[in-house]
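To start, the structure itself, in C-alpha cells.
FYI, side chains are in, hydrogens and waters are out, and symmetry mates aren't considered; it's all heavy atoms of this structure.
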Amino acid sequence: RWRADGSALRKLPLHVGLVVTEEEPSYADMASLVVWCMAVGISYVSVYDHNGIFKRNNSRLMDEILKQQQELIGLDCSKYTVEFANQDKTGQVLNCQSTLKVLSPEDGKADIVKAAQNFCQLVAQQQRTHTDLDVNVLDNLLSSTNGFPDPDLVLKFGPVDSTLGFLPWHIRLTEIISLPSHLNISYEEFFSALHHYAACEQRWGK
C-alpha cells in the first residue's frame with residue numbers, strides 16, 4: 001500500500017521537515033511519521049522540535065523508529081543508521097533509501113552565524129574575497145543540512161503559528177502545512193497532508 005500511495009500522488013516531496021511545536025513530543029508518534037515518510041518513498045526527512053528533545057534523546061527516537069520500521073513495513077533494519085546534524089555520526093543511507101536528520105535550534109540561526117564566521121575567517125586568510133559570498137557559498141558552509149536539499153514540505157504540528165527556528169535559511173520556498181497535533185496522528189491524516197501538497201501550485205514568487 002505504501003509505495004502505491006506515494007506513486008499515486010501527482011508530486012512527492014523530496015525532503016519533508018517534521019516540526020513539533022508542542023511541549024511534550026511523542027517518540028512513538030514521531031517514529032510513525034518518519035517510517036511513513038520512508039514507506040511512501042520520501043528521500044530526505046528532518047525531525048525538529050524547538051527544545052531539542054529529540055536530538056538530545058536520539059537513541060530513544062532511533063530505537064522507536066527501528067521498532068516501527070520492522071512492525072509496519074517489515075524491513076531488515078540491521079543497516080539502519082541516523083545522521084545527527086553537527087555531530088560526527090556517519091552512515092546516512094537507510095535501507096529504505098531515505099536519509100534522516102534530527103535537528104534542534106542550534107542547527108538554525110546558530111548554524112548561519114557559524115557559517116558567516118567561517119566565511120570571514122576565509123576572507124581574513126585571503127582564501128576568499130568578500131565578493132565571493134552568494135547563496136551557493138553560504139549553502140555549502142552550513143553544516144546542519146550538508147548533503148540535504150531544501151525542504152519541499154514542512155508538516156508543522158501544534159497550536160503555535162510558527163516554525164520556531166526550523167532551518168530559517170532553507171524554507172523560503174517551502175510549502176508549510178499545519179496540523180493540530182502529532183499525538184495519535186493517523187496515517188490517513190499524514191497522507192491527506194501529502195495529498196494537499198501534491199495539489200498545490202507553487203509559483204516560486206511569481
Side-chain angles (χ1 to χ4, degrees), residues 2 5 13 15-40 42 44-73 75 77 80-87 89 92 94 96 98-113 143-145 148 150-171 174-197:
W2 317 99
D5 282 350
H15 177 188
V16 170
L18 303 172
V19 177
V20 174
T21 66
E22 295 156 285
E23 290 302 318
E24 296 187 16
S26 163
Y27 293 89
D29 291 312
M30 180 52 66
S32 294
L33 286 159
V34 170
V35 173
W36 293 335
C37 286
M38 298 173 184
V40 299
I42 292 166
Y44 300 92
V45 183
S46 295
V47 171
Y48 177 91
D49 70 278
H50 65 104
N51 291 318
I53 295 172
F54 286 131
K55 188 171 180 180
R56 285 198 305 275
N57 300 282
N58 50 50
S59 60
R60 182 176 171 186
L61 179 61
M62 170 85 147
D63 289 344
E64 190 65 43
I65 291 171
L66 291 172
K67 173 185 167 187
Q68 294 202 32
Q69 193 182 29
Q70 185 67 51
E71 290 176 355
L72 294 177
I73 49 183
L75 292 177
C77 303
Y80 175 80
T81 55
V82 180
E83 178 186 350
F84 296 97
N86 290 348
Q87 297 183 28
K89 290 200 176 191
Q92 307 173 34
L94 311 184
C96 53
S98 298
T99 310
L100 172 68
K101 283 196 178 185
V102 182
L103 303 169
S104 65
E106 69 190 47
D107 304 307
K109 290 181 181 178
D111 193 34
I112 296 172
V113 171
S143 60
S144 61
T145 52
F148 262 50
D150 290 350
D152 306 289
L153 171 65
V154 164
L155 299 181
K156 182 193 71 65
F157 303 96
V160 180
D161 193 19
S162 168
T163 55
L164 296 178
F166 172 74
L167 299 180
W169 174 257
H170 304 85
I171 59 173
T174 300
E175 188 72 26
I176 299 173
I177 296 176
S178 296
L179 296 165
S181 176
H182 73 303
L183 301 175
N184 300 314
I185 190 166
S186 67
Y187 174 74
E188 287 69 29
E189 290 173 290
F190 164 76
F191 187 70
S192 176
L194 290 186
H195 195 273
H196 178 79
Y197 166 79

Under 3.5 Å donor-acceptor, [X] side chain and [Y] backbone:
X      : Y      : answer
Tyr48  : Leu164 : yes
Asp49  : Asn51  : yes
Thr174 : Pro151 : yes
His182 : Asp29  : no
Asp5   : Val40  : no
Glu22  : Ser181 : no
Asn58  : Lys55  : yes

pair Leu61-Val34: side-chain heavy atoms closer than 4.5 Å: no
Non-hydrogen side-chain atoms of Val47 and Leu33 separated by less than 4.5 Å: no
Side-chain H-bond candidate by donor/acceptor type, Ser46 with His15, under 3.5 Å: yes
side-chain contact (heavy atoms from CB on, under 4.5 Å) assessment of Ile171 paired with Asp150: CA-CA 7 Å; Ile171 59 173; Asp150 290 350; over 6 Å; no
Phe190 and Tyr187 aromatic ring geometry - parallel, tilted or perpendicular at 30°/60° bounds: tilted
